[in-house]
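Remember, predicted model here, so these are calculated numbers, not experimental data.
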Amino acid sequence: MGTMMLVYMAAPIILFLINIIYGHKHNDWLIVNGALLAIFAALTFLRVYFCLPSRNLLSILISNGFWGAIYEAIAINFWSTSSRNGNKKGFVVFMSGIGIFAAMFLVGLFGEIHSALSVKPTWESISKQYSKSNEAPTFKRNETPVALAPNTVLNRVRKSMSDIPNSQYFDTPDTVQAQYYKGKPVYIIPLKYNGFFAMRRAKEIPGYFIVDATNQNAEPKFVKKPYKYATSAYFNHDVDRQIYRNNPEWLTMSKPQLEIDDDGTPYWVQTVYKSETFSHRVNYQQLHVVVMNAQTGSQKTYSIKNLPKFIDEGITSDSAAQMNKVFGKYKHGFWNFSRTDVIKPTNNGPEDGVTSIFNRDGSISYFTDFTNPNSKADSAMGYTMINARTGELTYYSANGIMDSSGAKENAEQNYKAQKWDAEMPVLYNINGRPTWVMTILDNSDAIRGYYYLDAQDQSIYGSGNNPTSALDAFRQALVNNGATARNTPGTKQKNIQGTVDRSVVVSDKNKVMFTLQGSNIVYTVNTNDYAKANLIRPGDKLKFKASVVKGQSVGNVEDFINESLR
């Protein structure tokens, strides 16, 4: 802090010395400059301590140039109105000082403008790959990667606050932290002080909440792990201030997030970077992560490749959101007035515009879909998955599907009377179909169900009280509407022969559903294509082709022949 104060005070200190050397040899001149220096020192201390200004050279040049020119302008005004202003040499020196520091300000300002305009190198620094497949991550039955909506988690945590001693001193944050803890997907919810005086009375935060992220009925569990350093703390226990103080060579690009190690010890995690000498541009190849013990304040800076094993989101959610913005906008640089290849993130995720996805391999990715910025259409151009630990971005292109905004609006139309909201839209591949999976919340953020919507055909959807029942309803809707289910891992097109066990005609859908003896698979045939299917009776011998996915009725019957009617 002391070093940064001297750096930002460089201009007033230099001007003070010049003014004393070349100015009046009288006490009033010394007093004026001394008072100016004291005022600027006080303002600089407050600014550095509370605002934590950037340590980038451009910011330092702009600040010193601006405040140096103001300092000397005030001093010259006193010089000009004084009766002892016969020292013309001093006047020339003072005016030259104003010019030098004004030029310094302009150089810094030019550098800032250049940083904003020359963004192609930032885009090129993103570790990215383009998937050859346009399919979303595969959703498998009995595996439930559908996480609880953060608003639901926070609502449950607020109801559990009474379990904390002196709970009036604390409040809950606005977001949750996704993490794997002992191999299980969880949310970590840190507490925050309910103001300055609450912090003075409480002296420390008693712990944090942990919630099973994929259990629909999970209740928050409070973990007693007291810690003093928090984002809501004041003065020297403020996390941002401690990281700023102990990492002078690094610039921060995110808010700190709380993660826990295998012993449950809380750590603050913040993504940092080094900018170029005369630029504020971020080089995503050189991101680092500061990991700070929330109990002791000790901290260490790691490269992305050498993170501690327990860190799942070294790339914090707001860093990922910024990466998405750069990736979508600056492929052809700033001067792209035709907006060629520009795509816009929808920012419908609950965490700074992204959604944390728990992957089956134990990693976490940030999901974001992109739309066309040139129109009001609700079509998706594609989506990204950013590995939260490595920062690697994978882009999946999309054709003919709606974006997350359109999906949310479509789902909410079905709950218009109840005024329920669709949250956390995530695109999955279900039975070979791109499908939006959403959580339905009421006005109190309680879960009312799950909603699966075909991203290509909004007339195909399924809902249920839990992800499994909603998935079954959606798969049946696919069958009822004649949607195919091919190119899905585990799907096979089979030639089938058998004897009808049971059958039923679904007249309003022009379908017949049936099972065969010795099989529990429910097949569906379209009677518009095969009229004789209306005449199916138990005991009939059938021959057909069908797509089968792990025992589910997932596709239309093809090449249907009822051999008993020949």
Side-chain angles (χ1 to χ4, degrees), residues 54 56-59 107-136 251 253-254 271-288 304 315-349 352-355 365-388 390-406 427 434 455:
S54 173
N56 180 268
L57 182 58
L58 290 178
S59 299
V107 169
L109 185 61
F110 175 80
E112 290 284 8
I113 295 173
H114 180 266
S115 298
L117 300 183
S118 59
V119 290
K120 184 67 179 293
T122 300
W123 185 89
E124 292 175 339
S125 72
I126 297 175
S127 298
K128 50 190 171 295
Q129 59 180 335
Y130 295 85
S131 175
K132 296 180 180 179
S133 171
N134 60 1
E135 293 184 349
L251 305 178
M253 63 178 300
S254 72
T271 310
V272 297
Y273 73 102
K274 282 184 179 179
S275 63
E276 300 171 11
T277 304
F278 283 95
S279 173
H280 259 136
R281 291 186 308 216
V282 177
N283 186 337
Y284 285 101
Q285 295 289 335
Q286 299 179 8
L287 294 183
H288 281 60
I304 291 294
I315 305 298
T316 56
S317 58
D318 48 348
S319 298
Q322 182 63 27
M323 187 187 299
N324 276 321
K325 181 180 178 181
V326 172
F327 172 78
K329 189 175 182 179
Y330 296 124
K331 182 176 182 179
H332 298 292
F334 181 87
W335 305 104
N336 182 18
F337 297 115
S338 63
R339 308 188 83 177
T340 303
D341 293 327
V342 172
I343 52 179
K344 178 183 177 182
T346 59
N347 293 323
N348 280 322
D352 299 297
V354 300
T355 301
S365 295
Y366 296 116
F367 168 85
T368 305
D369 67 307
F370 290 75
T371 190
N372 188 343
N374 298 321
S375 70
K376 296 182 179 179
D378 60 358
S379 59
M381 305 297 291
Y383 62 95
T384 59
M385 299 286 280
I386 298 176
N387 188 300
T390 66
E392 295 175 350
L393 181 151
T394 302
Y395 178 75
Y396 298 81
S397 60
N399 295 306
I401 69 173
M402 70 182 73
D403 62 24
S404 57
S405 297
L427 192 68

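At least one side-chain heavy atom of Ser115 sits less than 4.5 Å from a side-chain heavy atom of Leu58. Annotation: side chain of Trp335 is not in contact with side chain of Lys120 (no heavy-atom distance under 4.5 Å). Side-chain contact between Arg281 and His114 is present, with heavy atoms from C-beta onward closer than 4.5 Å. Using a 4.5 Å heavy-atom threshold, the side chains of Phe367 and Ser365 count as separate. Phe327 places a side-chain heavy atom less than 4.5 Å from the side chain of Ile343. Side-chain contact between Gln322 and Val326: present, with at least one pair of heavy atoms (C-beta onward) separated by less than 4.5 Å. No side-chain heavy atom of Asn387 sits under 4.5 Å from any side-chain heavy atom of Ile315. Under the 4.5 Å side-chain criterion, counting only non-hydrogen atoms from C-beta, Ile386 is not in contact with Val354.
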field: Derivation and outcome, side-chain contact (heavy atoms from CB on, under 4.5 Å), residues Tyr284 and Met253
entry: CA-CA 11 Å; Tyr284 285 101; Met253 63 178 300; 4.0 Å; yes
task: In sequence, state the C-alpha distance, the side-chain angles, and the governing distance for Asn324 and Thr384, and then conclude on side chain to side chain donor-acceptor pair (under 3.5 Å).
output: CA-CA 8 Å; Asn324 276 321; Thr384 59; 2.8 Å; yes
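To the nearest 0.5 Å, atoms OG1 (Thr346) and OH (Tyr383) are separated by 13.5 Å. Atom CD of residue Gln129 and atom CG of residue Leu393 lie 9.0 Å apart, to the nearest 0.5 angstrom. With values rounded to the nearest 0.5 angstrom, Lys331 atom NZ is found 4.5 Å from Asp341 atom CG. Atoms CE and OG1, on Met402 and Thr371 in that order, are 12.0 Å from each other to the nearest 0.5 Å. Note that the OH atom of Tyr130 and the OH atom of Tyr396 stand 14.0 Å from one another [nearest 0.5 Å]. To the nearest 0.5 Å, atom NZ of residue Lys329 and atom CH2 of residue Trp123 are 15.5 Å apart.
Between Leu427 and Pro434 the shortest heavy-atom distance is CD1-C, 4.2 Å. The shortest non-hydrogen separation linking Tyr273 to His280 is OH-O, 3.7 Å. Heavy atoms only, all atoms of each residue included: Val119 and Ala116 are closest at CG1-O, 3.3 Å.
Judged purely by atom type and a 3.5 angstrom limit, Asn56 uses its side chain to pair as donor or acceptor with the backbone of Ser279. Checked by atom type and distance alone, the side chain of Gln285 pairs as donor or acceptor with a backbone atom of Ser125 at under 3.5 Å. Counting only distance, with no hydrogens or angles, the side chain of Tyr366 and the backbone of Gly349 share no donor-acceptor pair below 3.5 Å.
Applying the 6.0 Å contact sphere to NZ of Lys344 captures no more than 12 heavy atoms from other residues, nucleotides or ligands. Within a 6.0 Å sphere centred on NZ of Lys128, heavy atoms belonging to other residues, nucleotides or ligands number more than 12.
Checked by atom type, the side-chain pair Ser404/Asp369 shows a donor-acceptor distance below 3.5 Å.
With Val282 as the partner, the side chain to side chain contact (heavy atoms under 4.5 Å, CB included) test is satisfied by one option alone out of Thr271, Leu287, Ile126: Leu287.
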